[in-house]
J.: 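To start, I am sharing the structure in question, which I have written as structure tokens.
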Number of protein chains: 2
Amino acid sequence: MARKPENNNRLDDAARAGWLYYVAGRTQDEIASIMGISRQSAQRLVSLAMAERLIKVRLDHPIAACLEAAARLKDRYDLKYADVVPSDPGSDSATVGIAEAGAAEIERWLKSPDPVVLAIGTGRTLKAIIDQLPPMDCPQHRIVSLTGNIRLDGSAAYYNVIFSMADVINARHFPMPLPVLVSSPEEREVLHKQSLVKIALELGARADAVFVGVGELGADAPLCEDGFLAREEMADLMTAGAAGEICGWMFDHDGALLAGSINERVASIPLPPRDRAAVIGIAKGRRKYEALRAALKGGIINGLITDETTAEYLLKV
Amino acid sequence: MARKPENNNRLDDAARAGWLYYVAGRTQDEIASIMGISRQSAQRLVSLAMAERLIKVRLDHPIAACLEAAARLKDRYDLKYADVVPSDPGSDSATVGIAEAGAAEIERWLKSPDPVVLAIGTGRTLKAIIDQLPPMDCPQHRIVSLTGNIRLDGSAAYYNVIFSMADVINARHFPMPLPVLVSSPEEREVLHKQSLVKIALELGARADAVFVGVGELGADAPLCEDGFLAREEMADLMTAGAAGEICGWMFDHDGALLAGSINERVASIPLPPRDRAAVIGIAKGRRKYEALRAALKGGIINGLITDETTAEYLLKV
DNA sequence: TCAATGTGTGAGTAATTGCTCAATAGAAAG
DNA sequence: CTTTCTATTGAGCAATTACTCACACATTGA
């Protein structure tokens, strides 16, 4: 009995059904009897109205902008995960907001009943995240530190993130008993053959999710501040085109790892390939803009937690 | 019952859930796992987002029947603007549908980069319309209330439409610090000489667009319900031939303002002449039929937003 | 005329959503 | 510190919605 006067009519009906459904809040059964059609047809009209974008849904809430930005970031940089938190213009903290969001995301992984391997970097941001983690009991999971926590002089670095984390969530943990930087590629090779280190390396390679901060470069970069890198070396790196650093791995403005140079002395566990694991970078703020952009561009990270202002920048460039 | 600061968080969550549900099209199960809550909680958040009007749905499709009715109304009553929304026969809401349409039309005016002066009435319909307005930033426009918001006993009336509106669109606003009705023509004259009132009066006379509800008369008319008019006076007016009321101005079945009587005590700003400004009446439903017909016949309004059933009536008589 | 094709339909069924209710947790009151 | 009250939660179930399938009817092109 298909009447086929005009395609237009069908859209009109769809609009009408969509209106009754979304605006008037009727059920599809009611719509069917109002319009004198079967319930299934009513359902089809309603979903047609949606598919044809006859119905426009809008969310009026500050959070909407964040969600939208996250969706666009995901699309733009082909990310597995993106979370944008509202910016707090009045705060100059480098972590407020993203720390909570990062902790929430880590928690989500930890809630899995199946065992997962989490790898984490270090730095102020990660430390702030761990501080936000609630105590949990996760004997099924393993956490591994991607970077060494020993300075060249043998002392432990301040941000012993992995230990704090293990403490809080009660999971088996695998630190890297190494400096971030060693003195030569040869030394690195030797050290990486040590059995403890090898275990960590292998675990890192199998990590399901990786959480890392993104380090900017410059005279007051964290790597310098924490005494891992001399200021002259930093200057050299920057003239060589370095744009940022993740776990000590230096990359240029296109997000490509710098060949040679300092990267041959980085003792950190390599980041897992982005097609298998979630590699989530967490950072915000003007000082991180360029490093973040480069890391995203080069696909060094495939997940991002940042704030609205930073997201805007990353979408604009 | 505790008014918790977390209440805000709950709305944020609701917004987030609503966005994921309506905009991103996720199921409530997915939302639950994304947000780390139970499915039921996700469902509650989604429906909260709806209940709190965080989510606004609009239909952008000229439904043929409605369009046609609108066109015929325009022709028949010589209107500048007409919009007919689909009827929902089962609903006895006096505003569903026309509220969204009214908000859309107001939004259209507000989007103008050139400054415009909008005048608005008051009442349940207008209130419902304002609730549908999205937040905007319109410092270039001015909005003025056509009617007073003070009762005879000095208290403010419930539907403080102008303030809600100004709040949402961030425009300069000019309330009428007067009752709808004063005790005598002389008092009105005195009050209208007050500087604040004069400013509002002048602005109202220059309004580019006017949005008003259309009040029916009768024992349960809004004017009586809200305590502006005693029931005996109402009865007198009806025997004197009154058919309806806009902003307090009484008119007869031909749409002519009633001479003398109560109109000499109405303190509202006169409606701008219909040849210059758009005077858009918004109403639907059987109870409004006669008042609408009269207002249209007499040209008190030159724009109309109503529903299909009402449009049919207005075209038939 | 007659397949081929495309669109729409209802039935049936799976998936999703909404609601009720008992249990719980957390805050206010004592 | 305990009790009481209320808001919130999760489970179970009912209602609603989405999807798949086989079929009917038109249009199209040999």
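Because only heavy atoms are used, hydrogens play no part in the values below, and waters and symmetry mates are left out as well, while side chains stay in. Throughout, a chain's letter reflects where its sequence line sits, starting with A, and its residues are numbered from 1.
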J.: How long is the line joining CG of B:Leu45 and P of D:dG10, in whole Å?
T.: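 Computing the B:Leu45:CG to D:dG10:P distance gives 11 Å.
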J.: Counting only side-chain N and O atoms of A:Ser38, is one of them less than 4.0 Å from OP1 or OP2 of C:dA11?
T.: no
J.: Got a sec, which residues hit side chain to side chain contact (heavy atoms under 4.5 Å, CB included) with A:Ala119, two or more places apart in sequence or on another chain?
T.: A:Val144, A:Leu146, A:Ala207, A:Val210
J.: When you measure from the side-chain N and O atoms of A:Ser41 to the phosphate of C:dG10, is any distance below 4.0 Å, counting only OP1 and OP2?
T.: yes
J.: For B:Arg286, look at atom CZ and say whether over 12 heavy atoms of other residues, nucleotides or ligands are found less than 6.0 Å away.
T.: no
J.: Name all residues meeting the side-chain hydrogen bond (donor to acceptor under 3.5 Å, both in side chains) criterion together with B:Ser33; count only those two or more places apart in sequence or in a different chain, and write none if there are none.
T.: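 Not a single residue meets the side-chain hydrogen bond (donor to acceptor under 3.5 Å, both in side chains) criterion with B:Ser33.
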J.: Using the test ring-ring contact (aromatic ring centres under 6.0 Å, His included), find all partners of B:Tyr313 that sit at least two apart in sequence or belong to another chain.
T.: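 For B:Tyr313, the residues satisfying ring-ring contact (aromatic ring centres under 6.0 Å, His included) (neighbours in sequence not counted) are B:Tyr289.
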J.: Could I get the full list of salt bridge (Lys or Arg N to Asp or Glu O under 4.0 Å) partners for A:Arg72, not counting sequence neighbours?
T.: none
J.: Please list, for nucleotides 17-19 of chain C, all pairs of protein and nucleotide N/O atoms separated by less than 3.5 Å.
T.:
| residue | atom | partner | partner atom | Å |
| --- | --- | --- | --- | --- |
| C:dT17 | OP1 | B:Tyr21 | OH | 3.3 |
| C:dT17 | OP2 | B:Gln28 | N | 2.7 |
| C:dG18 | OP2 | B:Gln28 | NE2 | 2.7 |
| C:dG18 | OP2 | B:Gln43 | NE2 | 3.0 |
| C:dG18 | O6 | B:Arg39 | NH2 | 2.8 |

J.: Salt bridge (Lys or Arg N to Asp or Glu O under 4.0 Å) with A:Arg26: which residues, sequence neighbours excluded?
T.: A:Glu30, B:Asp88
J.: Looking at five pairs on each end of the helix from C:dT1-D:dA30 to C:dG30-D:dC1, what is the angle between the two axes, given to 10 degrees?
T.: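 That helix gives 30° between its end axes.
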J.: Not counting sequence neighbours, which residues clear salt bridge (Lys or Arg N to Asp or Glu O under 4.0 Å) with B:Lys74? List them please.
T.: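 None.
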J.: What's the CD1-P distance between A:Ile37 and C:dT9, to the nearest Å?
T.: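 Going from CD1 in A:Ile37 over to P in C:dT9 covers 8 Å.
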J.: Does B:Glu100 have any side-chain hydrogen bond (donor to acceptor under 3.5 Å, both in side chains) partners at least two apart in sequence or in another chain, and if so, which?
T.: none
